[in-house]
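So the structure is just underneath, and the comments pick up after that.
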Amino acid sequence: MKLTLSILKADVGSIGGHTRPSQEMMDVVKEAAAAAVADGLLIDAFVSHTGDDIAILMSHLRGVDSPDVHQFAWNSFIKATGVASRHGLYGAGQDLLVDAPSGNIRGAGPAVAELEFDHEPTNNPNRPAESFMMFAADKCGPGAYNLPLFLGFADPMYCAGLMLPKMIKGFTFRIIDMNNTRGDSIIELNAPEDYYHLTSLLRDNERFGIDTIASRATGDEAAAVSTQRLHNIAGTYTGKDDPVALIRNQGIFPAPEELLSPFAKAHYVGGDARGSHVMPLMPVALNTPVTGIYCLPLVSCVGFSVDPEGRFSDSHVDFFENEAWDEVRAKAQRKAFAMRDQGWSGAAMLPYSELEYSGFRDTVEGLERRFSFRDSNGRYPVGEGAPSEARAS
Ligand code: 13P
Ligand code: MG
Ligand code: MG
């Protein structure tokens with residue numbers, strides 16, 4: 001059968017500020033998911049949150065961009081928005097950027113990542129068992145996975161499996177230019193031979209993001225990332241992109257440890273407070289609220305297996321919950337303190353073009369109107385006035 005894994009994620013309200021959704025919000029989404037499984041729309045579903053974002057993970061036979069599946073997720077987010085509004089929670093409906101989208105909801109606000117593949121574990125030698133990981137990140141920009149996924153799929157320093165016959169042909173990266181708002185503008189680059197071209201693009205986490213990664217040996221898609229820019233959709237600041245990703249692992253794909261080890265860097269990403277800072281990405285357990293000193297961008301990762309009918313294993317493994325990651329969390333905080341020491345200066349905040357709060361830009365634009373040219377005699381030309389006079393206007 002052709003099985004599809006879909007994750008749709010949205011921030012539709014949170015308690016005490018932008019921390020986490022309320023229990024009642026989670027409950028209504030879980031009830032809706034259980035009903036969709038009972039009705040046969042979905043094979044299975046799993047609802048969680050990372051920071052203030054609710055993620056609905058689903059398995060089904062309806063393919064990528066299925067209007068029915070997307071509408072189900074949208075309606076579930078609307079229900080949670082209703083709870084958030086009734087209880088006066090912060091940012092109710094924040095990521096639902098359009099009124100009642102029809103069909104699939106890509107571009108309507110929620111983050112979407114989907115993988116469709118042949119699921120015949122009993123007679124597919126490439127995938128005798130299907131296992132995958134779900135990543136969700138909060139308080140960070142769209143390219144937060146660029147570095148760790150590049151290292152996990154293209155660098156034998158992190159993924160020794162690349163030296164094995166099953167993976168030695170490498171992987172194809174499809175990269176999206178998020179600045180092109182006319183549509184999905186995609187380039188395909190192959191690791192290893194396009195290594196330096198890949199890094200030339202992936203270094204820019206705000207403009208270029210990984211869309212999908214596929215095995216060059218079999219053509220199978222290994223990874224899908226929700227790569228979009230909320231402010232490009234909404235035209236104004238609405239919250240940070242907070243990307244999600246689905247990654248199949250083992251066999252013809254990297255193993256969990258190879259995919260996870262790059263996250264030990266706690267690398268700096270754009271996001272954090274007001275979506276406008278640069279701070280380290282801290283790996284956390286699923287369902288962790290944002291309570292860190294000056295936020296701290298968070299990433300969670302859980303693993304599932306899939307049975308021959310497409311159902312998720314009865315339990316999941318929470319990779320970052322383990323104490324093995326405590327040292328990385330401490331490192332993330334040390335890196336955060338170092339960056340916060342310089343407050344608003346230079347590298348601590350995103351450059352002007354990337355400031356997510358349009359209010360920051362309004363402040364600078366207001367000041368730009370007050371600049372005057374000074375001539376070589378130190379005078380301000382008649383009519384332009386001195387900077388001090390401009391202040392009055
Ligand atoms: P979210 O996108 O997670 O709502 O974060 C918004 C923000 O501005 C944090 O300071
Ligand atoms: Mg929020
Ligand atoms: Mg969020």
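Along the sequence shown, the residues carry numbers beginning at 1. FYI, side chains are in, hydrogens and waters are out, and symmetry mates aren't considered; it's all heavy atoms of this structure. Order of listing sets the numbers, starting from 1, for every ligand and every atom in it.
Contact annotation: A273 has at least one heavy atom less than 4.0 Å from an atom of ligand 1.
Distances from the Mg ion (ligand 3) to the N/O/S atoms of D242 are shortest for OD2. When the Mg ion (ligand 3) is compared with the N/O/S atoms of D53, atom OD1 turns out nearest. When the N, O or S atoms of D138 are ranked by distance to the Mg ion (ligand 3), OD1 comes first. In D11, the N, O or S atom that comes nearest to the Mg ion (ligand 2) is OD2.
For ligand 1, the atoms closer than 4.0 angstrom to any heavy atom of R274 are 7 (C), 8 (O), 9 (C), 10 (O). The D138 neighbourhood of ligand 1 comprises atoms 3 (O), with distances under 4.0 Å to a heavy atom of that residue. The distance from ligand 1 to the heavy atoms of D52 drops below 4.0 Å at these ligand atoms: 1 (P), 3 (O), 4 (O).
A salt bridge links R106 to E114: at least one charged side-chain nitrogen sits closer than 4.0 Å to a carboxylate oxygen. In summary, R127 and D118 do not engage in a salt bridge, as defined by a charged side-chain N under 4.0 Å from a carboxylate O.
In this structure, CG in L259 is found 10.5 Å from CZ in F253, a value given to the nearest 0.5 Å. The line from CD1 of I43 to CG of L3 is 5.0 Å long, rounded to the nearest 0.5 Å.
Checking D52 against the Mg ion (ligand 3), an N/O/S atom falls under the 2.8 Å cut-off.
Aromatic pair F304/F132: ring centres closer than 6.0 Å. Note: Y195 and F150 meet the aromatic proximity criterion, with ring centroids under 6.0 Å apart. In this structure, F263 has its ring center under 6.0 Å from that of F135.
Of the listed options H277, H18, K139, K139 places a heavy atom closest to atom 3 (O) of ligand 1.
Taking only nitrogen or oxygen atoms, main chain and side chain alike, D53 does not reach within less than 3.5 Å of ligand 1.
S22 and H87 share no side-chain donor-acceptor pair at under 3.5 Å.
Within the 4.0 Å heavy-atom criterion, the part of D242 lying near ligand 1 is the side chain and not the backbone.
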